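Report on one structure; see the data block that follows.
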Amino acid sequence: MKVEKLIEIIGADFYTGVPDSQLKALCNYLMNTYGIDPQHHIIAANEGNCAALAAGYHLATGKVPVVYMQNSGEGNIINPVASLLNDKVYAIPTVFVVGWRGQPGTHDEPQHIYQGEVTVKLLEDMDIAPFVITKDTADEEVADAMAKFREILATGKDVAFVIGKGALSYDGKVTYKNDNTMVREDIIRHIVAASGSDPIVSTTGKASRELFEIREANGQGHQFDFLTVGSMGHSSSIALGVALQKPEQRIWCVDGDGAVLMHMGAMAVLGANAPENLIHVVINNGAHETVGGMPTVAAKIDLVSIAKACGYPYAVSVDSFEALDSELEAAKNRNALSLIEVKCSIGARDDLGRPTTTAIENKRNFMNYLKTL
């Protein structure tokens with residue numbers, strides 16, 4: 001169905017979410033219609049953040065908000081849904097729009113398979129009434145579902161439209177770009193050159209895909225890298241867990257701005273532990289680029305000052321390859337927790353592939369390599 005029709009049927013005027021490629025039509029519509037507008041549309045740090053923002057909107061207006069997200073974000077909403085929105089607590093009605101990655105019967109990446117299997121069940125377990133929209137669902141069916149949803153919402157309960165692959169369309173175009181010149185794949189290529197045979201933990205999305213292909217192009221094995229294909233926002237914590245158990249071995253984390261924002265509390269834990277063997281590289285393009293390019297707030301915040309305030313002994317921002325190479329070499333010899341923010345452009349090559357090894361193979365190879373260190 002056309003996304004404009006879904007918007008009309010829902011009838012809300014406040015949307016907050018975390019972008020998803022399955023919801024690209026909705027995200028692009030919202031950006032074209034509102035941009036980032038505190039009265040109508042906010043891209044939040046994580047899905048729980050969205051649920052709380054939605055609650056605040058309802059408290060101030062009495063209206064029903066909409067929270068959009070990929071189904072991987074269901075885990076982040078369990079707490080606020082169960083202890084804030086639920087009708088046994090504050091009874092705050094909310095419409096969720098959930099992109100159904102890993103929908104049974106459709107091909108998807110390994111990190112989405114189990115999540116896809118439990119998507120609807122998780123919603124039902126949270127007492128969120130679901131309605132699935134596929135590419136074959138008629139507009140009238142969605143309108144009928146929304147009529148029933150209004151009765152549910154009136155009781156202080158929550159509802160969800162679960163969006164299958166190809167279910168929404170939008171003819172409008174949005175171009176996402178910034179003024180940075182450094183390309184992420186080239187940035188990662190420089191990190192690989194500097195890190196040598198050190199282990200790398202890389203973040204969710206295209207960064208891990210690019211790291212995999214760089215190893216292939218270099219004729220290297222993949223045992224050096226743990227590719228965090230799911231659990232967005234947690235790669236730095238994974239790297240911390242490795243670094244604390246391998247104190248004599250330098251560990252690198254290749255992170256992204258959207259991931260850092262999603263669970264920024266991890267930086268405080270990193271700073272408090274301050275492992276001398278961990279180098280945290282945050283590639284910041286101010287965008288959720290892997291799922292379409294919608295903006296994050298990271299372009300407007302000072303990650304270096306945040307890192308220092310969290311206890312990182314050293315933090316710096318670079319916007320050229322000359323500065324990047326210099327800081328990578330300095331970090332290798334510093335023996336102190338270091339953060340290097342790298343200002344990055346938005347975009348990736350069209351023929352970027354995906355890892356050809358399974359997640360289990362990646363884990364085993366990485367663990368076996370760590371045993372040798």
Side-chain angles (χ1 to χ4, degrees), residues 20-22 70-72 75 99-119 165 183-243 245-246 249-256 258-259 262 278-283 288-291 347-373:
D20 172 35
S21 55
Q22 201 92 311
Q70 185 181 119
N71 53 344
S72 61
W100 197 356
R101 296 297 303 270
Q103 180 179 356
T106 64
H107 174 73
D108 216 319
E109 299 306 308
Q111 66 271 26
H112 298 301
I113 295 173
Y114 181 68
Q115 184 74 58
E117 292 174 0
V118 300
T119 291
K165 186 175 183 179
V183 176
R184 185 184 51 249
E185 189 166 4
D186 291 335
I187 292 167
I188 297 173
R189 191 172 287 110
H190 281 245
I191 297 169
V192 166
S195 63
S197 58
D198 295 338
I200 296 177
V201 177
S202 59
T203 192
T204 312
K206 289 182 179 177
S208 282
R209 292 164 59 184
E210 288 165 345
L211 176 57
F212 186 92
E213 294 217 339
I214 288 167
R215 296 293 192 192
E216 289 281 288
N218 289 349
Q220 296 175 295
H222 299 286
Q223 70 274 16
F224 310 108
D225 311 318
F226 184 82
L227 310 176
T228 313
V229 294
S231 60
M232 181 176 170
H234 293 300
S235 60
S236 63
S237 296
I238 296 169
L240 174 61
V242 174
Q245 300 306 315
K246 293 287 184 178
Q249 171 60 53
R250 188 167 49 239
I251 306 296
W252 300 71
C253 176
V254 176
D255 217 341
M262 183 161 281
L278 181 57
I279 302 171
H280 189 186
V281 183
V282 180
I283 302 175
H288 287 286
E289 199 260 314
T290 293
V291 292
R349 53 189 171 87
D350 293 334
D351 62 346
L352 179 62
R354 295 182 181 274
T356 55
T357 55
T358 67
I360 294 294
E361 288 171 338
N362 176 210
K363 181 197 77 169
R364 288 174 179 164
N365 290 338
F366 187 73
M367 290 180 69
N368 286 337
Y369 182 62
L370 290 180
K371 290 177 183 177
T372 69
L373 301 175

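Note that the coordinates shown come from a computational prediction; the quantities given were computed from them, not determined experimentally.
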Expected list for residues 366-373: side-chain donor-acceptor pairs under 3.5 angstrom, two or more places apart:
residue	atom	partner	partner atom	Å
Asn368	ND2	Arg364	O	3.2
Tyr369	OH	Ser197	O	2.5
Thr372	OG1	Tyr369	O	2.6

Requested in this report: For a side chain to side chain contact (heavy atoms under 4.5 Å, CB included) with Gln70, tell me which candidate from Gln22, His112, Met232 qualifies.
Outcome: His112
Query raised in the report: Do Pro199 and Gln249 come within less than 4.5 Å of each other through their side chains, counting heavy atoms only?
Result: yes
Query raised in the report: If we only count heavy atoms from C-beta on, is the Ile187 to Val254 side-chain gap below 4.5 Å?
Result: no
Requested in this report: Taking atom NZ of Lys246 as the centre, report whether more than 12 heavy atoms of other residues, nucleotides or ligands fall under 6.0 Å from it.
Outcome: yes
Report task. Check the side chains of Asn365 and His222 for a donor-acceptor pair under 3.5 angstrom, ignoring hydrogens and angles. Result -> no
Requested in this report: Work out which heavy atom in Gln115 is nearest to a heavy atom in Asn71; give both atom names and the distance.
Outcome: NE2-O, 3.1 Å
Query raised in the report: Is the shortest distance from a Lys or Arg side-chain nitrogen in Arg209 or Glu109 to a carboxylate oxygen in the other one below 4.0 Å?
Result: no
Report summary line: Between Ile251 and Ala239 the two heavy atoms that sit nearest each other are CG2-O, 4.1 Å
Query - Distance in Å, Ser72 OG paired with Gln111 CD, rounded so as to fall on 0.5 Å steps - result: 9.0 Å
Query raised in the report: Is the shortest heavy-atom distance from the side chain of Ile200 to the side chain of Leu211 under 4.5 Å?
Result: yes
Query raised in the report: Out of curiosity, Thr290 OG1 to Arg184 CZ, how far, rounded to the nearest 0.5 Å?
Result: 5.5 Å
Query raised in the report: Minimum heavy-atom separation for Arg349 to Glu185, with atom names?
Result: NE-OE1, 2.8 Å
Requested in this report: Look at the side chain of Trp100 and the backbone N and O of Lys165, then say whether any donor-acceptor pair between them is shorter than 3.5 Å.
Outcome: no
Requested in this report: Using the ring pair (Phe, Tyr, Trp, His ring centres under 6.0 Å) rule, collect all pairs that involve residues 187-209, keeping only residues at least two apart or in two chains.
Outcome: His190-Phe321
Report summary line: d(Glu210 CD, Ile191 CD1) to nearest 0.5 Å is 10.5 Å
Report summary line: For Pro355 and Leu227, the nearest pair of non-hydrogen atoms, with its separation, is CG-CD1, 3.9 Å
Requested in this report: Hey, could you give me the NZ/CZ distance between Lys206 and Arg354, rounded to the nearest 0.5 Å?
Outcome: 9.0 Å
Query raised in the report: Between Ser208 and Gly205, is there a donor-acceptor pair closer than 3.5 Å when you use the side chain of the first and the backbone of the second?
Result: no
Query raised in the report: Counting N and O atoms only, with roles assigned by atom type, does the side chain of Thr358 sit under 3.5 Å from a partner on the main chain of Glu361, one being a donor and the other an acceptor?
Result: yes
Query raised in the report: Counting only heavy atoms not in Asp351, do more than 12 sit closer than 6.0 Å to its CG atom?
Result: yes
**Report entry** Nearest non-hydrogen partners of Gly256 and Thr203, listed with the distance
**Finding:** N-CG2, 3.7 Å
Query raised in the report: Which atom pair, heavy atoms only, marks the closest approach of Val229 to Thr204?
Result: O-CG2, 3.3 Å
Report task. Can you measure from CZ (Arg189) to CG (Asn218) and round to the nearest 0.5 angstrom? Result -> 7.5 Å
Requested in this report: Please tell me if the side chains of His234 and Thr228 come closer than 4.5 Å, counting only heavy atoms from C-beta onward.
Outcome: no
Query raised in the report: Will you find, in the side chains of Asn362 and Thr357, an N or O donor that is under 3.5 Å from an N or O acceptor?
Result: no
Query - Atom pair OG (Ser202) and CH2 (Trp252), whose distance is rounded to the nearest 0.5 Å - result: 14.0 Å
